[in-house]
Asks: 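Take a look at this one; I'll ask things after.
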2 protein chains.
Amino acid sequence: MPADIPDLRTRPTPGSGEGTGAERRRTGRTGPDCVKCEARALSLCGALREEDLTRLDRVASQAEFVAHDLLVEEGEVAIHLFNVSSGLVKLYKLLSDGRRQITGFLGKGDFIGFPFARVNAYTAEAVTPVRGCRFSRPDLVRLMGEVPGLEHRLLASIGDTLAAAQEQMMLLGRKNARERLASFLILQAARQERGGYVGERVALPMSRTDIADFLGLTTETVSRTLTQLRKDRLIDILGTEAVVLRDREQLEIIAQA
Amino acid sequence: MPADIPDLRTRPTPGSGEGTGAERRRTGRTGPDCVKCEARALSLCGALREEDLTRLDRVASQAEFVAHDLLVEEGEVAIHLFNVSSGLVKLYKLLSDGRRQITGFLGKGDFIGFPFARVNAYTAEAVTPVRGCRFSRPDLVRLMGEVPGLEHRLLASIGDTLAAAQEQMMLLGRKNARERLASFLILQAARQERGGYVGERVALPMSRTDIADFLGLTTETVSRTLTQLRKDRLIDILGTEAVVLRDREQLEIIAQA
DNA sequence: CGGGACTTTGAGCAAATTCAACCATTGTGG
DNA sequence: CCACAATGGTTGAATTTGCTCAAAGTCCCG
């Protein structure tokens with residue numbers, strides 16, 4: 001089973017993007033050119049007419065990030081919104097003592113931010129190199145008044161996010177560690193397929209700590225539980241950044257999906 | 001401190017509404033008359049012009065429920081959507097083995113359902129007697145295309161719901177029992193205030209089991225933790241359906257809000 | 001006054017966490 | 001070029017938090 005791992009795995013050269021937490025954007029003012037956007041079909045812009053797309057194009061700019069860059073920060077005044085074109089982003093909230101809850105992972109086609117919220121409800125951090133389409137919030141809000149399909153599209157997208165959040169509440173409130181991991185692996189596989197990848201490898205570009213903070217567990221429990229799933233021949237573990245779902249059916253039963 | 005308890009506490013006469021899980025609606029086809037709706041300021045309809053309100057009025061009907069009635073059911077095709085006028089509703093999802101996660105409690109002004117979802121993502125059940133405004137889903141979707149403010153309003157409302165869901169994910173994933181209860185009590189107090197109630201009593205019309213299923217705990221832990229908060233003089237417990245937050249500031253610190 | 005549902009309290013248990021050590025990979029500097 | 005430090009991951013032992021099971025208490029009705 002050779003090179004069928006999605007390019008999520010590629011990490012940036014370290015040292016180039018490591019920092020003190022300061023935001024670190026490589027932003028080109030190169031026009032975004034929505035028309036040939038790779039994520040268009042999945043995105044906000046998917047259903048727009050050529051004419052409206054051009055208007056969207058005018059208020060958008062291309063943005064690139066390396067791992068650990070922050071796209072938006074919890075509690076800050078929301079200036080920009082993003083549409084992810086490629087790469088993986090994690091969203092999280094923090095408690096004052098440092099406990100962290102990752103509320104979601106976003107990939108190609110997903111939307112970051114909420115047009116009507118003056119302040120960001122979460123931090124969005126690049127897990128892998130990320131390319132995205134950046135909008136100024138006021139511009140987008142104005143455009144939403146003018147291009148009806150836009151608001152519609154956004155509403156649908158937020159609806160999906162809300163449904164996912166409710167599913168995750170079920171996981172966090174009522175599932176045990178094994179069920180959480182099974183659910184997570186299936187979720188990752190589904191995301192990957194939605195993004196157009198095929199092949200049996202499921203990429204896990206995020207760290208064990210990230211997985212733990214998403215599932216409401218500790219890294220140790222994540223590690224132990226993955227090992228247990230491997231011993232039960234439900235998965236193969238390929239290094240730390242990919243797995244193979246050997247028995248997806250059984251995993252789905254465990255996940256209680 | 002006399003009668004300052006919100007009417008949420010009143011329970012229906014038992015026997016009248018107890019059932020096998022079957023839906024049990026008392027629905028009047030009496031016109032809803034949005035114009036004098038008590039929940040209008042908080043609701044979907046809040047910002048509409050008189051003219052649009054009339055159009056909304058035409059696709060809406062008044063609905064009443066007693067405790068344990070189901071307004072919508074998880075997995076069913078979504079026919080109706082609701083706007084709660086009074087009373088308390090719980091939303092939940094079930095796992096096949098009966099484990100339950102309550103994803104939210106809704107009160108005056110809150111919206112139930114999602115216009116673009118063909119199938120309900122959750123069950124909505126009346127906790128107390130509930131009055132609401134009922135919309136046919138296709139009607140509302142059509143109207144959303146015609147009355148621009150409506151979609152806007154709904155988007156804002158879903159955004160709030162999503163923010164609350166993410167907050168709850170933090171609670172479920174990373175807070176301990178004491179922190180969960182403190183958060184919950186403050187949340188209930190805030191809901192009550194938002195609904196226009198004043199006074200120091202916080203009504204808890206839902207059962208301990210409901211609270212447990214909302215907080216990802218068991219009834220026993222809820223009970224024990226409330227007792228502990230009482231012993232620490234942070235709350236008074238008034239029967240099973242109300243508490244007083246004696247030291248709200250401290251509770252907020254515990255809740256890590 | 002009695003029955004039933006719900007809540008509280010108690011004791012023992014189990015799942016997941018904490019703390020600690022070890023391992024693997026990778027990049028750095030001698 | 002290789003030793004070694006640093007980072008992230010895995011494994012183990014002890015601890016803890018919250019759960020399970022059991023029993024008693026309370027409240028609200030009739």
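Letters go in sequence order (proteins before strands), and every chain restarts at 1.
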Asks: Only counting residues at least two apart or in another chain, list the ones meeting ring-ring contact (aromatic ring centres under 6.0 Å, His included) with F214(A).
Replies: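 Expected list: F105(A), F184(A).
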Asks: With 3.5 Å as the limit, what N/O pairs link the protein to nucleotides 4-8 of chain C?
Replies:
| from | atom 1 | to | atom 2 | distance (Å) |
| --- | --- | --- | --- | --- |
| dT7(C) | OP1 | R208(B) | N | 3.2 |
| dT7(C) | OP2 | R208(B) | N | 3.4 |
| dT8(C) | OP1 | R208(B) | NH2 | 3.2 |
| dT8(C) | OP2 | R208(B) | NE | 2.8 |
| dT8(C) | OP2 | S223(B) | OG | 2.9 |
| dT8(C) | O5' | S223(B) | OG | 2.9 |

Asks: Check whether N120(B) reaches the backbone of E73(B) with its side chain - one donor and one acceptor, N or O, closer than 3.5 Å.
Replies: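 Yes, the answer is positive, given that a donor and an acceptor are paired below the 3.5 Å cut-off.
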Asks: Taking OP1 and OP2 of dG18(D), is either one under 4.0 Å from a side-chain nitrogen or oxygen of T218(B)?
Replies: no
Asks: Rounded to whole angstroms, how far apart are NZ on K175(A) and P on dC19(D)?
Replies: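 Going from K175(A) (NZ) to dC19(D) (P), I get 18 Å.
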Asks: Hey, does the side chain of T128(A) reach the backbone of L88(A) with a donor-acceptor pair shorter than 3.5 angstrom?
Replies: yes
Asks: Return the value, rounded to whole Å, for the distance between atom CG of N176(A) and atom P of dC13(C).
Replies: 21 Å
Asks: Given atom CD1 of I211(A) and atom C1' of dT10(D), what is their separation to the nearest angstrom?
Replies: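 Taking CD1 of I211(A) and C1' of dT10(D), I get 14 Å after rounding.
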Asks: Is R100(A) paired with E125(A) through a side-chain N to carboxylate O contact shorter than 4.0 Å?
Replies: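 Between R100(A) and E125(A) there is no salt bridge, as every charged N stays at least 4.0 Å from the carboxylate O atoms.
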Asks: Distance from L251(A) atom CG to L234(A) atom CG, nearest 0.5 Å?
Replies: 5.0 Å
Asks: Roughly, in whole Å, what's the span from CZ in R180(B) to C1' in dC19(D)?
Replies: 13 Å
Asks: L215(B) has an atom CG; how far is it from atom C1' of dT17(D), in whole Å?
Replies: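 Checked: the CG to C1' distance equals 16 Å.
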Asks: What is the distance from CD of E241(A) to P of dT7(D), rounded to the nearest Å?
Replies: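 Nearest whole value for this atom pair: 17 Å.
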Asks: Please check if the side chain of Y122(A) supplies one atom and the backbone of G113(A) the other of a donor-acceptor pair under 3.5 Å.
Replies: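 At least one qualifying donor-acceptor pair exists.
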Asks: Let me know the distance between CZ of R174(B) and P of dG18(D), rounded to the nearest Å.
Replies: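 After rounding, the reported distance stands at 13 Å.
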Asks: Could you state the CG-P distance from L238(A) to dT25(C), rounded to the nearest angstrom?
Replies: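 Taking atom P of dT25(C) as the reference, CG of L238(A) is at 14 Å.
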